[in-house]
Amino acid sequence: MRRWIRNLFRIARIPVLGAAVPSLAGAALFLCSCGGGGETFPAAASSAAVPEYVFTYAENQTPDYPTTRGAYRFAELLEEKSGGRMKVLVYPSAELGEEISVAEQVQFGGIDFARFSLSTLTRYNDMANVLLMPYIYEDSDHMWRVLKGDPGKEVTDAFSGSGLVPLSWYDAGARSFYTKTPIRSPEDIRGMLIRVQEVELMEDMVRKLGAEPVPFSYADVYSALQTGKADGAENNFSSYEAMHHYEVAKYFVEDEHMRAPELQIISEVTMSKLSEADQQLIRECAEASAEYERMLWKEHEAEAREKVISMGSEIITLTPEEKGAFRDAVAPLYEEYCGGYMDLIRRIQEERKQ
Ligand code: GCU
């Protein structure tokens with residue numbers, strides 16, 4: 001059975017059902033807790049005997065990863081602040097499917113909440129490509145000024161009508177390449193099979209470097225590297241460590257080609273069923289969870305870097321000139337993907353000078 005159909009059976013959602021709520025709610029909570037995931041963690045003490053809403057939340061990272069911990073924090077806050085009326089069952093480790101199928105399910109309301117890599121969402125909003133342009137940010141602070149300022153808002157507003165409603169930005173550091181043999185330049189990576197997300201921009205970025213993109217889902221990266229279906233991949237330190245990719249692709253070159261922030265999303269179908277006050281509460285808890293995630297991120301990223309080094313990974317640090325060779329090779333992507341948004345690009349670049 002297709003995964004999303006399975007999920008429909010698995011996801012027990014409880015609308016406002018008046019007198020029918022108590023028995024259905026009990027059954028639903030029982031069903032969900034049998035799936036392995038769907039925990040609110042740490043086990044939040046429910047202050048109301050029966051929740052009015054039980055929501056599902058999809059996350060493709062491991063339970064102790066910063067974004068997943070952000071999701072647990074969100075669940076905890078929402079349950080507490082709604083006096084137990086709203087409960088969120090978080091499913092980590094892609095239990096509800098990988099990002100592309102999850103996004104489709106969120107669109108029709110089969111899943112209520114999810115956290116996505118922004119690149120996955122470019123298929124719903126091509127303005128989002130602007131925030132993903134290689135080397136557009138000077139550093140993390142520059143990216144956060146942009147996300148929290150007008151450009152970030154313009155991009156989230158442009159999701160209107162997509163069925164996906166952005167709630168808050170999560171951090172995901174910078175993405176770099178990691179490979180089975182060392183690389184320092186586009187010449188070195190030429191001809192290699194590089195795993196990318198199933199996203200056009202990511203495929204084209206790798207093509208610009210002369211490598212061959214192999215797009216598939218996050219969960220399959222380890223085995224692809226192990227079996228030679230891919231010679232390398234690209235991601236941040238935290239993912240490289242959490243998914244054990246360092247065991248099968250030892251060389252991590254800090255080219256930092258892209259900062260791909262993550263978005264916490266609620267289904268528009270779900271949002272439209274809630275009162276204004278509940279919508280506001282959800283927004284506040286989402287923002288608080290994002291602040292928590294951003295704090296965890298910095299620490300986790302630094303620890304992941306240390307851990308992979310201690311496990312035998314070799315970190316290749318590039319000189320500004322060497323980094324410049326990567327930057328020049330991918331520069332045409334700006335015109336190709338953001339030709340219609342050059343003013344926005346310019347405003348983002350101007351933020352650098354502050
Ligand atoms: C990051 C992101 C994941 C995404 C992954 C990928 O790790 O957090 O949600 O799936 O990149 O490369 O596919």
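Note that ligands are numbered from 1 as they come in the structure, with each ligand's atoms numbered from 1 the same way.
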Notebook entry, point to check: Is the NZ or CZ atom of Lys208 both under 6.0 Å from the centre of the six-membered ring of Phe326 and within 45° of that ring's axis?
Noted result: no

Check: Applying a heavy-atom distance cut-off of 4.0 Å, which protein residues contact ligand 1?
Finding: Asn60, Gln61, Glu99, Arg115, Arg175, Arg195, Gln197, Tyr218, Asn235, Ser239, Glu262

Next item on the list: Output all residues satisfying side chain to side chain donor-acceptor pair (under 3.5 Å) with Thr120, sequence neighbours left out; order by chain, then residue number.
Entry: Glu99

Notebook entry, point to check: Who else is in the cluster with Leu296 when I, L, V, M, F, W and Y are joined by side-chain contacts under 4.5 Å?
Noted result: Tyr292, Met295

Note to self: Which residues pass the side chain to side chain contact (heavy atoms under 4.5 Å, CB included) test with Arg327, not counting sequence neighbours?
What the structure shows: Tyr135

Next item on the list: Evaluate the salt bridge (Lys or Arg N to Asp or Glu O under 4.0 Å) criterion for residues Arg346 and Glu350: first the C-alpha distance (whole Å), next the side-chain angles of each, then the deciding distance (0.1 Å), finally the verdict.
Entry: CA-CA 6 Å; Arg346 186 187 44 75; Glu350 275 171 12; 2.9 Å; yes

Check: Can you find a pair of side-chain heavy atoms, one from Val102 and one from Ile111, that are under 4.5 Å apart?
Finding: yes

